[in-house]
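Because the structure is a prediction, the values reported are computed rather than measured. First listed ligand is number 1; within each ligand, the first listed atom is number 1.
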Amino acid sequence: MRVIITKDYYELSREASVVISSLINKKPGCVLGLATGSTPLGLYRELVRLHKEEKLSFSSVKTFNLDEYYGLNPSHPQSYRHFMDTNLFRHIDIKPENTFVPEGNIKSEEAEEYCRGYEEEIKKNGGIDLQVLGIGGDGHIAFNEPGSSLGSRTRIVALDARTIADNARFFNKAEEVPRFALSMGVGTILEAREIILLAAGSNKAPILAQALEGPITSMVTASAIQFHPRVTVITDEEAACSLARYPYYKFIRDAEQKINTPLF
Ligand code: F6R
């Protein structure tokens, strides 16, 4: 696992944008897995800048989002579809029909079939080349809350009380945060060919250390990325400060620059 420690959030966002833009330059029709939340906002701003100022084109790129609140219409200001449209898709040349975000307003009796279809759509498009992840305060990736199977697939999940409290900042009050979501599973995420996990801010420090250096456990679903052969964790200094192997990650970063090869 590569762990890149950046001096601040701006640099973190830039590093992440370099991973994505290099992939697009190498494979213009690549399939990206995308996350929402506060952490990737800087990355999306940087991708918009690269599109506008450096002609990075998304015209053949396809995207699949990790999750969506269950019960929200795509037009709801807190829906993840709305988040992606306003923070990224509307500002780049991606084709709307190439952007997939789970639909939050399907009927519960259709959910199983719908989720199976979402996974089939990923496969039909050749699988996810690069998955972007954030990490929740409770260690979740997508909305795979503590206790989710490490083999889980796309499905309806119940949000943990911690996640509801954390995400209340986007709503008028905690009671408005949906209690359920549609989420890719841990098993779905691990099938991506490459993963980048982003973590920023001191409030993520303890859980990031558990996820990267603690045991692999369904109680911290982000720890499952330890199984994956091509993971790059990009973290700012604040989120990295509880990592026991901090000096080693810095050493590896210098070594990579010397031999000009990523060391996973
Ligand atoms: C969002 C998602 C979540 C977030 C996580 C961190 O699509 O999948 O797992 O990545 O909750 O959220 P922020 O970045 O707001 O701290």
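Checking only distances, Ser38 does come within under 3.5 Å of ligand 1, N or O to N or O. Here's the thing with Ala142: one of its N/O atoms is less than 3.5 angstrom from an N/O atom of ligand 1.
Remark: side-chain polar atoms of Asp93 are paired, donor with acceptor, to backbone N or O of Phe58 under 3.5 angstrom. Tyr69 places no side-chain N or O within 3.5 Å of a backbone atom of Gly104 that could act as its donor or acceptor partner.
What sits closest to atom 6 (C) of ligand 1 on the protein, heavy atoms only, is Ile135 O, 3.4 Å. Here the protein heavy atom with the shortest distance to atom 1 (C) of ligand 1 is Thr36 OG1, 3.1 Å. For atom 11 (O) of ligand 1, the nearest non-hydrogen atom of the protein is His140 NE2, 2.7 Å. Protein heavy atom in closest approach to atom 10 (O) of ligand 1: Gly134 CA, 3.4 Å. Nearest non-hydrogen protein atom to atom 8 (O) of ligand 1 is Asp67 OD2, 2.7 Å. Of the protein's heavy atoms, Lys204 NZ, 2.6 Å lies nearest to atom 16 (O) of ligand 1.
Using a 4.0 Å cut-off to heavy atoms of Arg169, the atoms of ligand 1 that qualify are 15 (O). Those atoms of ligand 1 that come under 4.0 Å of a heavy atom in Thr39, given as number and element, are 13 (P), 14 (O), 16 (O). Taking every non-hydrogen atom of Leu66 and a distance limit under 4.0 Å, the qualifying atoms of ligand 1 come out as 8 (O).
Dense packing is recorded around OH of Tyr114, with more than 12 heavy atoms of other residues, nucleotides or ligands lying under 6.0 Å away. Enclosure of atom OH in Tyr248 is not indicated, since only 12 or fewer non-hydrogen atoms of other residues, nucleotides or ligands lie within 6.0 angstrom. At most 12 non-hydrogen atoms from other residues, nucleotides or ligands lie less than 6.0 angstrom from CD of Glu112.
Contacts between Glu145 and ligand 1, counted as non-hydrogen atom pairs separated by less than 4.0 Å, are absent for every part of the residue. Within the 4.0 Å heavy-atom criterion, neither part of Leu133 lies near ligand 1.
Looking at heavy atoms from C-beta onward, Thr39 lies in side-chain contact with Lys204 at the 4.5 angstrom threshold. Side-chain contact between Asp8 and Glu237 is absent, with no heavy atoms from C-beta onward closer than 4.5 Å.
Between the side chains of Thr188 and Glu119, at least one donor-acceptor pair of N or O atoms lies under 3.5 Å.
A salt bridge links Glu113 with Arg116: the closest approach of a Lys/Arg side-chain nitrogen to an acidic carboxylate oxygen falls below 4.0 angstrom.
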